[in-house]
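Just so it is clear, the values below take in all heavy atoms, side chains as well, and ignore hydrogens, waters and symmetry mates. Numbers here are sequence positions counted from 1. Everything quoted here is computed from the prediction, not taken from an experiment.
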Amino acid sequence: MSWAGPEDVYLSTSLASYLDKKLLVLLRDGRKLLGILRSFDQFANAVLEGACERVIVGELYCDIPLGLYVIRGENVVLIGELDSEREELPPHMTRVSAAEIKSAQKAEREASDLKGTMRKRMEFLDMD
């Protein structure tokens with residue numbers, strides 16, 4: 001039986017180059033997670049240390065701490081390295097508390113639901 005050397009690991013997966021680096025992970029449900037990649041497997045399951053969920057509503061944002069976080073690989077849409085020397089968000093973004101961002105999310109969801117119900121009510125006016 002032959003063992004794969006370190007060079008084989010780097011050829012077989014690109015996640016190895018992200019180990020011990022700060023990443024942004026976009027999930028299928030739209031959540032954005034930030035953290036340091038500590039481990040992964042062949043299914044792209046990943047372990048983030050110091051993870052937080054970044055919630056953005058309009059020009060407001062909040063980082064909700066999650067701690068050590070395991071991500072199932074099938075839920076990952078995108079993984080990217082964050083530049084530690086660069087500002088992560090544009091200067092016009094305002095950091096708010098978790099309670100404020102939750103209420104902003106609720107208001108945004110209600111506005112979206114209202115828009116959908118109004119569209120359904122107005123379908124009879126479609127004059128094709």
Side-chain angles (χ1 to χ4, degrees):
M1 176 192 288
S2 68
W3 294 93
E7 63 280 351
D8 295 328
V9 171
Y10 288 103
L11 291 175
S12 67
T13 178
S14 62
L15 282 180
S17 64
Y18 290 131
L19 278 173
D20 300 325
K21 294 184 180 169
K22 189 168 185 179
L23 303 179
L24 169 71
V25 181
L26 180 63
L27 302 179
R28 278 194 322 189
D29 62 3
R31 289 185 294 157
K32 296 167 241 8
L33 303 178
L34 297 117
I36 298 170
L37 181 66
R38 292 299 182 200
S39 184
F40 66 94
D41 65 10
Q42 70 270 26
F43 304 108
N45 297 322
V47 176
L48 293 182
E49 180 182 42
C52 63
E53 179 181 356
R54 176 153 295 163
V55 181
I56 300 173
V57 179
E59 293 188 0
L60 305 176
Y61 81 97
C62 179
D63 289 339
I64 301 170
L66 303 170
L68 192 66
Y69 205 76
V70 178
I71 303 168
R72 188 173 172 102
E74 68 181 21
N75 293 321
V76 174
V77 173
L78 177 120
I79 295 178
E81 184 179 355
L82 293 175
D83 188 356
S84 60
E85 298 174 6
R86 199 168 156 210
E87 183 63 34
E88 293 180 18
L89 288 170
H92 69 275
M93 298 291 289
T94 306
R95 186 182 192 117
V96 296
S97 70
E100 289 175 287
I101 203 74
K102 293 292 182 192
S103 66
Q105 275 184 313
K106 183 178 179 184
E108 184 179 59
R109 191 169 36 252
E110 288 172 353
S112 176
D113 291 346
L114 179 62
K115 184 178 177 181
T117 57
M118 292 302 289
R119 184 174 287 135
K120 285 182 181 179
R121 290 180 185 173
M122 300 302 273
E123 282 179 352
F124 71 92
L125 294 175
D126 192 11
M127 303 202 184
D128 285 336

**Request:** State yes or no: do Y18 and V25 share one hydrophobic cluster built from I, L, V, M, F, W and Y residues joined by side-chain heavy-atom distances below 4.5 Å, directly or via other members?
**Result:** yes
**Request:** Over all heavy atoms of both residues, which pair between R54 and L34 is shortest? Give the atoms and the distance, please.
**Result:** CB-CD1, 3.5 Å
**Message:** Taking side-chain hydrogen bond (donor to acceptor under 3.5 Å, both in side chains) as the cut-off, I'd like each qualifying pair that reaches into residues 27-39, sequence neighbours left out, listed once.
**Reply:** D20-R38, R28-N75, D29-R31, R31-Y69, R38-E49
**Fill in**
Of all heavy-atom pairs linking S97 and C62, the shortest is C-SG, 3.8 Å
**Asked** If you take all heavy atoms of E53 and L66, which pair is closest and at what distance?
**Response** N-CD1, 3.8 Å
**Asked** Between E100 and L60, is any pair of side-chain heavy atoms under 4.5 Å apart?
**Response** no
**Prompt:** Can you name the closest pair of heavy atoms from F40 and L37 and give their distance?
**Reply:** CD2-CD2, 4.4 Å
**Message:** Working note: I101 + V57, criterion side chain to side chain contact (heavy atoms under 4.5 Å, CB included); need CA distance, chi angles, decisive distance, verdict.
**Reply:** CA-CA 7 Å; I101 203 74; V57 179; 4.0 Å; yes
**Asked** Is there a chain of hydrophobic side chains (I, L, V, M, F, W, Y, each step under 4.5 Å between heavy atoms) that links L27 to I79?
**Response** yes
**Request:** Group every Ile, Leu, Val, Met, Phe, Trp and Tyr by side-chain heavy-atom contacts under 4.5 Å, then state whether L48 and L19 land in the same group.
**Result:** yes
**Message:** Any non-hydrogen side-chain atom of I56 less than 4.5 Å from a side-chain atom of M93?
**Reply:** yes
**Request:** Compare all side-chain heavy atoms of V47 with those of L68 and state whether any distance is below 4.5 angstrom.
**Result:** yes
